[in-house]
Structures are given as C-alpha cells and as structure tokens.
Amino acid sequence: MNKQEIVAVLSDATKNDWLFKEADRIRREYVGDEVHLRGLIEFSNICKRACKYCGLRSPNKNVERYRILKDEILVYAKKAVSMGYRTIVLQSGEDEFYDTDKMCEIIRELKKHDIALTLSIGEKTYEEFKAFKKEGADRYLLRIETTDKNLYNQMHPNASYENRVKCLYDLKSLGYETGTGCLVGLPNQTIDSLADDILFFKELNADMVGIGPFIPHNETPLKDEKQGDFWLALKVMALTRIILPDINIPATTAMETLNPNGRIIALQSGANVVMPNVTSREYRAKYEIYPGKICINENPEQCRGCIEAKIQSIGRTVSKDKGFRNTKKESD
Ligand code: 5AD
Ligand code: FES
C-alpha cells in the first residue's frame, strides 16, 4: 500500500469492516492464533522529560513518585515467571537514578530466568544500548509518538526528533527486536501524518508496533484537548498489521481505557500481544500516564486470570513461547 491508499482507507469509514477483517486474516496467516503475554513491571514513575501529553511529565507535582529497587523488581519478575510469563517488560520514566551500571545489574539478574527481556526506559546513548544488549536485553520499546516533526517538537520540549529516530536505528543495528509506535489523536495531528507514521514503521522494519489513542490528562497542558478516537487508533493498528504482516502488535491498555472491550476488539483486528501489569496494587495508580488506566485495583494473579479467560473466550490461546518475531527461532 502506498501513502495515498493508506490515507484513503483511514479517511473512509465504509472500509472499516473490511480493514479489521483483513488485518485479522493476515494476523492469523502470519503469526497464528497464539497470543503472547508480556509481564509489565512499571518500576519508576520518575521522569526528567516534559512530554505535553503525559501525566508523568516532570512538571507535574501532583503525582506521588516512586522507584522500585532491584530486589523488589526481582520479586515481581520471579512471580511473573511462576505465572507462566515468558517475557518481562521493564518500563519507567526517564529516570537517571538507574544509571548504566544499575540497569546492567538488574538485566543480568533478570536474565538468570529463562525469559525474553524487553526494556522501555526511554532515549539512551548507543553505548548504553550496547551495554544493555551485552547483558542480555532482547527487545526495546521506544515509540516515535508521531513522525510529524512540527508536532513532535511541540509535544516534546527540549527533545529532538532526530535523536529519537537515531535511537531506533541504533537499537536495530545492535540487534534488538525493536518496538515503536504512535499516539493517535494528538491535537493538530493529521490523517496524512498517521499514514507517514505507518510508513515509518515499515521503513524501520519495526519488530513490534504499539498504537494507542491519546487520552488527555488533567495535570498536563493538553487537559482540555479532545481525546483520540478509539476506531481511528484501531484502524492505524490494523493497517500496520497489513503492511508489516509478521510483527508483534499489542492490544494496548489505552485502547481498553476508551472501550471496555478494547483489547479483545484489537486482538480481532490485527493484534497478537497483551502486556498485563505484574506489579502490586500500591504502584499501579501512581503510574498514571493517562487517566482511567485499567487494572488499577487488580493484582498480578487477577490480571493473569482475567486476560487468559478473555483470550480463550474468542477461541485463541495463550502462547507458552517467548514470542520473538516469527523469523527468530525459539531455540536462539
Ligand atoms: N494518552 C495515551 N497514551 C499516552 N502515552 C503517554 N501519555 C499518554 C496519554 N496521555 C503513551 C506514549 C508512551 C507510552 C508509554 O504511553 O505513547 O510512549
Ligand atoms: Fe487486569 Fe483484566 S487484565 S483485570
């Protein structure tokens, strides 16, 4: 599909049913009916950045900040492994407390388990990415957020679009399975730029792509803006599946925040991954990137049971593999 065709599909509501069915068919053909679960540990909500849309932005003083230290991270990881998770995702704000040495130590300890490890800790230098890889990190998530450079610069004070792109290519060249993605429904975002986002995923040859609707947070400069459209986000996700047929695509938590059945709808429109939280309740509400986050009052066991039941209710199964992109063998 070229850009014109992508724009045409995104702009035409009469194509929605076709699009979702086609993405579902391609998902089944290329990655099958198994759903990969990734156990998410949100280990620090401290962030030096000021992204205009994000509730964890440093200027927000109305959030109780926390850090989970190594030993406690290891407890959650162990629990996740015992619940059958084969991937752990470590996510945080851009928190300099966790310097290269601290992160390497955490990675080394986590990789003693037979799991794939994904990092989602923001922009780092090539040398840092390299050090984490050497310790055994397998994957890295870093959404481009938007490829509209003007919009990117408006949304991200004191940040550089070029550096974000560079980080993604650095990760690729270091051999990470590289995840990216975008927000859908940012103020002044155009359909045209969403098409460019999809083409960027293709150009990068992203191994994972996470798409979520923008949800305004009260403690940010975007508090009075309109929220993103669930269906438009779903369309961007479905098109991504069609254009990158063999990648891993999560049914995102933000989708479920806007639609009570959002993750199941996403799993039936191209997605094949879910990332349940595996930390305890005390931290969940504090990791408030956007309001209305699901699973705030649940514990890891409840989420595991809940999501497995949902997956089975649509005739799909929970994978027992690490769930690398299809081209990589599980024995690697
Ligand atoms: N609404 C929806 N998603 C958001 N994110 C950050 N803030 C918001 C918001 N207000 C997403 C970003 C980031 C991911 C961790 O959360 O895309 O990459
Ligand atoms: Fe957390 Fe359903 S996944 S309660």
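For ligands, and for the atoms within them, numbers begin at 1 and follow the listed sequence. If you read the sequence from its start, that first residue is 1, and numbering goes on from there.
Using a 4.0 Å cut-off between a side-chain N of Lys or Arg and a carboxylate O of Asp or Glu, E96 and K48 qualify as a salt bridge. Ion pairing of K15 with D12 is present here, as a side-chain N (NZ or NE/NH1/NH2) and a carboxylate O approach within less than 4.0 Å. Between R164 and E123 a salt bridge is recorded (basic side-chain N to carboxylate O distance below 4.0 Å). Taking a cutoff of 4.0 Å between a charged side-chain nitrogen and a carboxylate oxygen, E298 and R281 do not qualify as a salt bridge. Between D207 and K172, at least one side-chain nitrogen of the basic residue sits less than 4.0 Å from a carboxylate oxygen of the acidic one, meeting the salt-bridge criterion. A salt bridge links R25 with E22: the closest approach of a Lys/Arg side-chain nitrogen to an acidic carboxylate oxygen falls below 4.0 angstrom. Between R27 and D33, at least one side-chain N (NZ, or NE/NH1/NH2) sits under 4.0 Å from a carboxylate O, which counts as a salt bridge.
Of the protein's heavy atoms, R143 NH1, 3.7 Å lies nearest to atom 11 (C) of ligand 1. Atom 18 (O) of ligand 1 has its closest protein heavy atom at E145 OE2, 2.6 Å. For atom 2 (C) of ligand 1, the closest non-hydrogen atom on the protein side is P213 O, 3.2 Å.
Close approach of ligand 2 to R263 is summarised as follows: ligand atoms under 4.0 Å from at least one heavy atom of the residue are 2 (Fe), 3 (S). Every atom of ligand 2 with a heavy atom of C295 under 4.0 Å away is listed here by number and element: 1 (Fe), 3 (S), 4 (S). Proximity to C54 (heavy-atom distance under 4.0 Å) selects the following atoms of ligand 1: 7 (N).
Taking the six-membered ring for Trp and thresholds of 30 and 60 degrees, F129 and Y176 have ring planes more than 60 degrees apart, a perpendicular arrangement.
The shortest heavy-atom distance from R304 to ligand 2 is not under 4.0 Å. Within the 4.0 Å heavy-atom cutoff, E298 counts among the residues contacting ligand 2.
The backbone and the side chain of C303 each have at least one atom closer than 4.0 Å to an atom of ligand 2 (non-hydrogen atoms only).
Some N or O of I215 is nearer than 3.5 Å to an N or O of ligand 1, by distance alone. Below 3.5 Å of separation, one finds an N or O of Y53 facing an N or O of ligand 1. For the pair Y290 and ligand 1, the shortest N or O to N or O distance does not fall below 3.5 Å.
Heavy-atom proximity to atom 3 (N) of ligand 1, evaluated over L183, I144, L186, is greatest for L183. Taking each of I289, T220, L56 in turn, the one with a heavy atom nearest to atom 7 (N) of ligand 1 proves to be I289.
One N or O on the side chain of N45 and one on the backbone of K286 form a donor-acceptor pair closer than 3.5 Å.
Here C306 meets the criterion, with an N, O or S atom under 2.8 Å of atom 2 (Fe) of ligand 2.
At a threshold of 4.5 Å between non-hydrogen side-chain atoms, the residues Y53 and L222 count as touching.
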